[in-house]
> 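Dumping the structure here so I can ask a few things about it.
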Amino acid sequence: MRPAGPPHFLPHLHSAAVMPPYTIVYFPTRGRCEALRMLLADQGQSWKEEVVTKESWLQGPLKASCLYGQLPKFQDGDLILYQSNAILRHLGRSFGLYGKDQREAALVDMANDGVEDLRRHCSHIIHHGHEEDKAQYVLELPGHLKPFESLLSQNRGGQAFIVGDQISFADYNLLDLLLSHQVLVPGCLDSFPLLSAYVARLSTRPKLQAFLASPEHVNRPVFGSRKI
C-alpha cells in the first residue's frame, strides 16, 4: 500500500521533477472517472490528468490504441488499465478499500455491481433516451435507489458505510452516482434518509470535502451532454 500524502489533484501543481504515480486519460467530464478521482483525493494521492477533447478522440489514433476502443485509460506506473470498475477494484486492493475479509469483499462487489447497473441505465437515458423515457426514469428512480438504502440499513443502522466499518471503493462509486443524481434529479434522496445522511457524511471527510469544493470538480460537467 502506498503511503498517504497530501491530496494534490490540481494538475498545474505538479512539477516535472516529481511526477504523480497515476495518470487519468479521459474526456473533460466527471463521467466514469469522478469516483476514481474521489478515491485518490480521499486517500491523499496525486495524479495527472490528460484531457481528451471530442475532436482529438474523433481523429482516431488514441481510440485505436485503447484496448476496448474507449476511455478511461488509467496508468499506475507501467501498469495500464481500461474499464472503470477494474480500475476501482485495483485501487481498492492497493489501498485496503476492499473490505476486511472475503465476506465483506463479496458484499463490496455486489454493491458496486448495483451501482454499475444504475449508472448504465442513467447514462443510456441521458445520452439516448426520448423525453418520455427520461420522465419514466425519474418515476422509477426510487425503486433503483431503494436497494442502497436497504444495504445501509443492514450495516450499523445506516450510520457507517455501504459495507463494514471502513470505506471501500464501492462507497466512492456510490457517492459519485448519488451526487450526480442530486444534480440531475433534485430532491431524489428526500425519501431516503439513510442515503441522504450517507452523502452528507462522506462529503465532509476532510480530503474528499476539499476535492469536492475544488474548481476541478465543481466546473467539470457531470456528463458530456446533459439531457435530463
Side-chain angles (χ1 to χ4, degrees), residues 2 7-14 16 18-43 45-95 97-98 108-109 111-129 168-177 179-181 183-184 211 214-217 219-228:
R2 291 181 175 81
H8 298 306
F9 42 80
L10 308 183
H12 63 271
L13 293 181
H14 301 308
V18 184
M19 293 300 292
Y22 305 108
T23 300
I24 293 173
V25 183
Y26 197 55
F27 305 108
T29 66
R30 298 180 193 176
R32 285 188 168 272
C33 278
E34 209 66 1
L36 307 176
R37 298 180 181 113
M38 288 181 183
L39 185 158
L40 290 171
D42 195 42
Q43 296 300 311
Q45 299 300 305
S46 61
W47 70 92
K48 175 185 175 184
E49 295 270 358
E50 291 186 6
V51 180
V52 179
T53 64
K54 181 179 179 180
E55 291 74 20
S56 64
W57 182 248
L58 291 176
Q59 288 172 2
L62 175 59
K63 183 174 183 178
S65 73
C66 293
L67 183 62
Y68 297 102
Q70 61 188 24
L71 297 176
K73 173 182 178 181
F74 184 82
Q75 295 178 243
D76 178 356
D78 61 357
L79 174 65
I80 297 177
L81 292 174
Y82 300 91
Q83 300 290 355
S84 58
N85 285 296
I87 299 165
L88 280 171
R89 288 192 294 270
H90 167 66
L91 293 174
R93 288 186 290 268
S94 297
F95 295 106
L97 307 172
Y98 218 136
V108 168
D109 278 332
N112 197 65
D113 284 357
V115 173
E116 173 63 15
D117 284 347
L118 182 52
R119 188 183 292 279
R120 283 181 178 272
H121 192 187
C122 180
S123 293
H124 178 79
I125 291 297
I126 286 174
H127 295 297
H128 306 291
S168 71
F169 71 87
D171 285 297
Y172 297 106
N173 206 13
L174 177 57
L175 176 62
D176 172 51
L177 192 63
L179 289 173
S180 297
H181 273 82
V183 173
L184 299 170
F211 172 75
S214 71
E216 281 66 29
H217 171 78
N219 296 330
R220 191 179 284 128
V222 176
F223 294 97
S225 59
R226 180 179 166 187
K227 299 179 181 178
I228 189 172

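Throughout, residue positions are numbered sequentially from 1 according to the sequence presented.
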> So do L91 and F169 actually touch side chain to side chain, heavy atoms under 4.5 Å?
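No, every pair of side-chain atoms sits at 4.5 Å or beyond.
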> So which atom in S84 and which in R32 form the shortest heavy-atom distance, rounded to 0.1 Å?
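Minimum heavy-atom separation between S84 and R32: OG-NH1, 3.1 Å.
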> Which atom pair, heavy atoms only, marks the closest approach of P28 to V52?
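Closest heavy-atom pair between P28 and V52: CD-O, 3.3 Å.
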> Given Q75, which partner from the list I24, L81, I80 fulfils the side chain to side chain contact (heavy atoms under 4.5 Å, CB included) test?
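Exactly one candidate clears the test, I80.
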> State the CG-CG distance between D171 and L97, to the nearest 0.5 angstrom.
9.0 Å
> Provide the closest heavy-atom pair for Q70 versus Y82 in the form atom of the first, atom of the second, distance.
O-CD2, 3.9 Å
> Any carboxylate oxygen within less than 4.0 angstrom of a Lys/Arg side-chain nitrogen, looking at D109 and R89?
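No.
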> Looking at OG of S94 and CD1 of I87, how far apart are the two atoms once the value is rounded to the nearest 0.5 Å?
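Going from OG on S94 over to CD1 on I87, the span is 12.0 Å.
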> Say whether, by atom type as modelled, one donor and one acceptor occur between the side chain of D176 and the main chain of N173 under 3.5 angstrom.
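No, the answer is negative, given that no donor and acceptor are paired below the 3.5 Å cut-off.
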> Salt bridge or not for R220 and E216, using N-O below 4.0 Å?
no
> Tell me if a side-chain donor or acceptor on H121 pairs with a main-chain N or O of D117 at a distance below 3.5 Å.
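Answer holds: no.
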> Is any NZ, NE, NH1 or NH2 atom of the basic residue among K73 and E50 found under 4.0 Å from an Asp or Glu carboxylate oxygen of the other?
no
> Please tell me if the side chains of C33 and R37 come closer than 4.5 Å, counting only heavy atoms from C-beta onward.
yes
> Hey, does the side chain of Y68 reach the backbone of Q83 with a donor-acceptor pair shorter than 3.5 angstrom?
no
> Please report the shortest heavy-atom distance between Y26 and G31, naming the atom on each side.
OH-CA, 3.7 Å
> First locate atom CZ of F74, then atom OH of Y22, and finally report the distance between them rounded to the nearest 0.5 Å.
6.0 Å
> Any side-chain heavy atom of L179 sitting closer than 4.5 Å to one from M38?
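Yes, at least one pair of side-chain atoms sits under 4.5 Å.
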> How long is the straight-line distance from CZ of R119 back to NE2 of H181, given to the nearest 0.5 Å?
9.0 Å
> Where does the angle between the aromatic ring planes of F211 and H217 fall among parallel (under 30°), tilted (30 to 60°) and perpendicular (over 60°)?
tilted
> Given side chains that start at C-beta, do those of N112 and N85 come closer than 4.5 Å, heavy atoms only?
yes
> Nearest 0.5 Å, please: how far is CG in L71 from SG in C66?
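The CG atom of L71 is 4.5 Å from SG of C66, to the nearest 0.5 Å.
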> On a heavy-atom basis, which atom in Q43 and which in Y172 lie closest, and how many Å separate them?
NE2-OH, 3.0 Å
> To the nearest 0.5 Å, what is the distance between OG1 on T29 and CD on E34?
8.5 Å
> Do the non-hydrogen side-chain atoms of P221 and F27 ever get within less than 4.5 Å of each other?
no
